[in-house]
Amino acid sequence: MGHYLGTRMIAAPIESVFAYRLDLHNLPAYNPDVRDLRLLRGEPAGEGSVYTFRLRLAPGAWTRAVLTVEAAERPRRLQFRIASLMNAREVCVFESAEVNGRAATKVS
């Protein structure tokens, strides 16, 4: 099983960053490989919610994916399960930070 770890610093307060990431309708705005996202069941931006979307594999090649919000521990941790051609789990950890004297968030 492969793992990927990435970290980003975002110049916004932790509550705002967490809420933005949890609202999966924002996903196509920051991931151009996602299209046609829709809620299948559950409440938007809630634990247990299930979404479907098209995922670009390569130019002209798309597949369907199903994303489930497995955990939403506000404002510190999100966990998603993505079922598609391969199964993946994404865990996002949010930490309060400061950049140039202003509120920021470290996301890993």
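When a residue number appears, it is its place in the shown sequence, counting from 1.
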Open item on the list: Using 0.5 Å steps for rounding, measure from the CD atom of Q79 to the OG1 atom of T68.
Closed with: 11.0 Å
- [ ] Determine yes or no for a side-chain-to-main-chain donor-acceptor pair under 3.5 angstrom, with D36 supplying the side chain and R54 the backbone.
- [x] no
TODO: Of all the heavy-atom pairs spanning T105 and P13, show the shortest one and how long it is.
DONE: OG1-C, 3.2 Å
Task: Smallest separation among heavy atoms of S108 and L5, with atom names - done: CB-CD1, 4.5 Å
Task: Atom of L24, atom of L37 and distance for their closest heavy-atom approach - done: O-CD2, 3.4 Å
- [ ] Using atom types as modelled and distance alone, determine if a side-chain donor or acceptor of E47 lies under 3.5 Å from a backbone N or O of A72.
- [x] yes
- [ ] Spell out, as yes or no, whether a donor-acceptor pair under 3.5 Å connects the side chain of T52 to the backbone of A65.
- [x] yes
TODO: Ignoring hydrogens and angles, tell me if any N or O in the side chain of R56 forms a donor-acceptor pair with the backbone of P32 under 3.5 Å.
DONE: yes
Task: Same apolar cluster (I L V M F W Y, side chains within < 4.5 Å links), Y30/I10 - done: yes
Open item on the list: Quick check for you: to the nearest 0.5 Å, what is the distance between F18 atom CZ and D23 atom CG?
Closed with: 11.5 Å
Task: Side chain proximity check, S96 to E15, heavy atoms < 4.5 angstrom - done: no
TODO: Please answer whether the main-chain N or O of R64 pairs with a side-chain N or O of S84 as donor and acceptor at a distance below 3.5 Å.
DONE: yes
Open item on the list: Are F80 and C92 packed together at the side-chain level, in the sense that at least one heavy-atom pair is separated by less than 4.5 angstrom?
Closed with: yes
TODO: To the nearest 0.5 Å, tell me how far L27 CG sits from L67 CG.
DONE: 7.5 Å
- [ ] Please report the closest heavy-atom contact between Y51 and P44, naming both atoms and the distance.
- [x] OH-CA, 3.4 Å
TODO: Identify the two heavy atoms, one from E95 and one from R76, that lie closest to each other, and give their separation to 0.1 Å.
DONE: CA-NH1, 4.0 Å
TODO: For residues L78 and R21, determine if any side-chain heavy atom of one lies less than 4.5 Å from a side-chain heavy atom of the other.
DONE: yes
- [ ] Kindly indicate, with the supporting measurements, whether the criterion side-chain contact (heavy atoms from CB on, under 4.5 Å) is fulfilled by K106 and T7.
- [x] CA-CA 7 Å; K106 179 182 173 184; T7 301; 3.4 Å; yes
Open item on the list: So which atom in W62 and which in R35 form the shortest heavy-atom distance, rounded to 0.1 Å?
Closed with: CH2-CG, 3.3 Å
